[in-house]
Amino acid sequence: MNVFRFFLTCLMVCCLTCRTQADLNLYVKADAAPGGDGSQAKPFRQIEQARDAIRRSRQNGQLKVGAGATVHIQPGVYQISKSLEFNKTDSGTAEAPIVYRATQQGQALIQGGVSLDPASFQPVTDAAILERLPASARDKVRVCDLSSIAAGSFAELKRSYRGVPVGPWLYVNGAPMTLARWPNAAADHGGWASFSKVVDKGLPDPKAEDPEKRKLHPGAFIFDDPRPARWNLEDGVWLLGYWTHDWSDEVIRIADYDAKQKTIRLAAPHNYGIMGGTWGSKSRRFFALNVLEELDAPGEWYLDRKQKQLYFYPEQNQQATSIVLATLTQPLLKLQDTQHVRFENLNLEYGHSEGVSLKNTTGIELAGCVVANLASGGISVNGKQNTIRSCDLYHLGTRGIALYGGDRKQLTRADNRAINNHIHHYGLFQRTYAPGIYANGCGQIVQNNCIHDAPHNAVLYGGNENLFERNEIYRVVMETGDSGAFYTGRDWTSQGNILRHNFIHHLGGGDAEHVNTMGVYLDDCDSGDTVEGNVFYQTGRAIMIGGGRDNPILNNLVLDCPIGLHVDSRGMTWKQWNNPNEPSWQLEKKAEAMNYQSPPWSKRYPHLAKIMQDSPREPLYNPILRNVFVNCSKEVAHLDGNVKKLLDKFDMDNNLAVNTRGTSPGIAMTNDLKGFTNLSGTSDKPIPLGLTENSQGKWELHQDPSLLTKEIGFEPIPFDKIGLYLDDYRRKLPE
């Protein structure tokens, strides 16, 4: 009997302990009745109510250490007027995280904007406005009075800006609309106007009599088209242009227009001047925006900021089921000093800032979320062991995902991960250096992402020991030049990075004459990157080493690219090399900042540790081994004169140049280049190397293992493992 009572007592204690340590479940429903307690029967109306309830449960001891909590978020729109914030007190543990989960994927929307009633958009009746609108659009444009929505005044656009404009921004049916512009986005020449004659470059002229001309100042150019005479410059007209370089965009207001001289003078200087030393295309591109007189195409809009009138040209055959004016200028979701919280299957959309900001966080995960329709970036991560998994990011004004963290000096890894994400249609406002994924610090992991449709880079990176693996990238660098799908540059210390088993294809933009679009671009003496087992298809220059060192190029398959490999010696020839007056070129100083001659750096990167005693300007230690170049139309390998003189120092062997059909015109071979073998097929018996699309539109890689292994020891690339895959959060692949 005593034994039975003892057993019963132990069982009761165990049950009570389990009950006190049980996970907490809370429920949120957007249209719930006020006064809910978070139960399934009486849910909260707002997500922050659930967050606060978890805090109280911790404080009063209801939620014990070691117990987790799950917030079940039901379908609906959760409009917020400030960031949804989490701090240290909101943390879980690795074994028992705090989870915020949408009960139906894609149906719980956290929104940083105001929903507008489609019925509030009425025909324009103001005679003065009708007179300014194009005749063809007067009966099609609609206007919405925002006076009751916007309590304060709308800020004016700045004289010049790069990146995110002053808000708000209009989104209809889940997509950003176009601020009234000329030429229209669908017009000839990609929607760009151009000029080639400059009146004033705007660069400092030390000999000028006018003291203002001795400083950087607004430039002016001749534009032969009389179109600007139609615009009301007093209301403000801005030009987005590539004013000198195809990798530097900026929006600048028009100061004045001289119709007689056909001269446009800008209201602010551009850092590189107007046509101030252009490399690439001789003419420069721009388009005008924020022009009421150009509101002439479906999807365009214009905001009269003083009168608070929103004008919109809707699609004629499409009903506007969702109209949102994005107003929130803070991140939708903000976490700082928080650990082990997971967000699942949520939509975070419609803000005039970034979507998610993680600062000094550990073990935070976003899984199966949509982060879209934002004026700035999608997700920024700064911390360690955070994961962005199986998310969709699109319609972003700047970048997609940014990963920071780790200790570079100590080479301590962050192990932040971006895995299985679909990132596309980004860089809408900032056209350059706003990548799909940015990685810096030490030890970021970027795997199985699909990145496409953007004006500039897909992946921009720096730092150490980062891994970029099995990613598919296409239709990027579509309107820029001297740029690459993968880009890093001007740093000896960017060591230990690995680009492996990625598929990079169908790149565009730039100047075809200069072939200045690259698959992998190691720019301006950048060093320490391994490029291994990647597939390049129609990328311009596939791989470019811009004067750097310690960049192994191994086992890559290059298909139908004009230039397969480029290696130059710019460190030996460019006067700004290691120039103390050029801060971005102080390569030795950057290395000294990392204590590069002491452990752990000297042990991990021995070539770098002795670089100043080892011909530092020469592009040494770049082994080029077991690569296959198929049907290159211009050059298999472009090596400049200095590089050719250094070939006895190069480890270059077992590379193959292939002409699959032998008789095909315009296919380059290597002409006895060290370390290369030429191989030609025939029209009757072509060499089976290349890509084809199957009936489902999927790429299939033909890499004959017996042929390539016999010739050069090529290791087959796991092509079927590249790109997005199905998991618990990504249940369907994009078509």
Side-chain angles (χ1 to χ4, degrees), residues 106 109 111-113 163-165 167 169-179 181 184-186 190-192 240 249 287 289 297-301 315 318 322 324 326 332 347-356 366 369-380 388 390-402 418 420-438 446 449-460 471-480 483 485-487 504-509 517 723-724 730 732-735:
L109 169 62
Q111 174 177 298
V164 181
W169 204 265
L170 183 67
Y171 298 83
V172 178
N173 292 347
M177 297 295 99
T178 301
L179 193 59
R181 57 170 282 176
N184 288 331
W192 296 97
L240 187 156
D249 62 301
F287 65 81
L289 57 109
E300 289 190 340
W301 68 287
E315 294 282 353
Q318 182 180 11
S322 168
V324 181
L332 300 177
N347 281 40
L348 298 114
E349 302 185 54
Y350 307 119
H352 206 71
S353 179
E354 65 182 334
V356 180
L366 271 75
C369 294
V370 171
V371 182
N373 295 311
L374 300 162
S376 185
I379 304 170
S380 65
I388 312 301
S390 303
C391 293
D392 289 349
L393 298 96
Y394 55 89
H395 296 161
L396 304 172
T398 61
R399 50 161 176 75
I401 298 172
N420 201 33
N421 301 292
H422 187 195
I423 306 167
H424 57 99
H425 295 90
Y426 56 91
L428 303 183
F429 293 147
Q430 183 179 323
R431 312 296 290 177
T432 55
Y433 298 101
I437 294 181
Y438 175 77
V446 177
N449 302 284
C450 180
I451 306 173
H452 61 92
D453 285 283
H456 202 225
N457 310 125
V459 178
L460 176 64
N471 303 286
E472 181 181 6
I473 295 168
Y474 60 96
R475 289 201 305 266
V476 297
V477 290
M478 292 300 289
E479 70 177 41
T480 49
S483 52
F486 279 88
Y487 180 87
I504 306 165
H505 60 102
H506 293 100
L507 307 186
T517 296
L724 300 175
R730 183 171 299 287
K732 183 180 179 181
L733 296 178
E735 297 180 358

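All residue numbers in this chain count up from 1 along the given sequence. Heavy-atom basis, side chains included; hydrogens, waters and symmetry copies ignored.
- Looking at Ser380, its side chain never comes within 3.5 Å of a backbone N or O of Ala402 through a donor-acceptor pair.
- Residues meeting the ring-ring contact (aromatic ring centres under 6.0 Å, His included) test with Trp301, sequence neighbours left out: Trp169.
- In this structure the side chain of Asp453 never reaches within 4.5 angstrom of the side chain of Tyr394, judged on heavy atoms.
- No donor-acceptor pair closer than 3.5 Å links the side chain of His505 to the backbone N or O of Glu472.
- Scanning for side-chain contact (heavy atoms from CB on, under 4.5 Å) contacts around His422 gives Asp392, His424, Cys450, His452, Leu724, Arg730, Pro734, with sequence neighbours left out.
- Between the side chain of Asn421 and the backbone N or O of Asn449 there is no donor-acceptor pair closer than 3.5 Å.
- Not a single side-chain hydrogen bond (donor to acceptor under 3.5 Å, both in side chains) links Thr398 to another residue, sequence neighbours left out.
- Applying the side-chain hydrogen bond (donor to acceptor under 3.5 Å, both in side chains) test to Asn457 and every residue at least two apart in sequence or in another chain returns nothing.
- Residues passing the salt bridge (Lys or Arg N to Asp or Glu O under 4.0 Å) test with Arg399, sequence neighbours excluded: Glu354.
- Across all non-hydrogen atoms, the minimal contact from Tyr350 to Ser322 is OH-OG, 4.3 Å.
- The side-chain contact (heavy atoms from CB on, under 4.5 Å) test applied to Ala454 returns Tyr426, Val476, not counting sequence neighbours.
- Legend: residues meeting side-chain hydrogen bond (donor to acceptor under 3.5 Å, both in side chains) with Tyr171, ordered by chain and number and at least two apart, are absent.
- Contact between Gly191 and Arg181 at its shortest, heavy atoms only, is O-NH2, 2.6 Å.
- Among pairs with a residue in residues 420-438, those fulfilling salt bridge (charged side-chain N to carboxylate O under 4.0 Å, His left out) read Arg431-Glu479, at least two apart in sequence or across chains.
- In this structure, Asn471 and Ile451 have side chains that are not in contact, with every pair of non-hydrogen atoms separated by 4.5 Å or more.
- In this structure His395 satisfies the ring-ring contact (aromatic ring centres under 6.0 Å, His included) test with no other residue, sequence neighbours excluded.
- Remark: Glu349 engages Asn347, Asn373 in a side-chain hydrogen bond (donor to acceptor under 3.5 Å, both in side chains) (not counting sequence neighbours).
- Contact record, Gly427 with Pro455: O-CG, 3.5 Å, taken as the closest heavy-atom pair.
- Nearest heavy atoms, Ala372 versus Leu396: CA-CD2, 4.2 Å.
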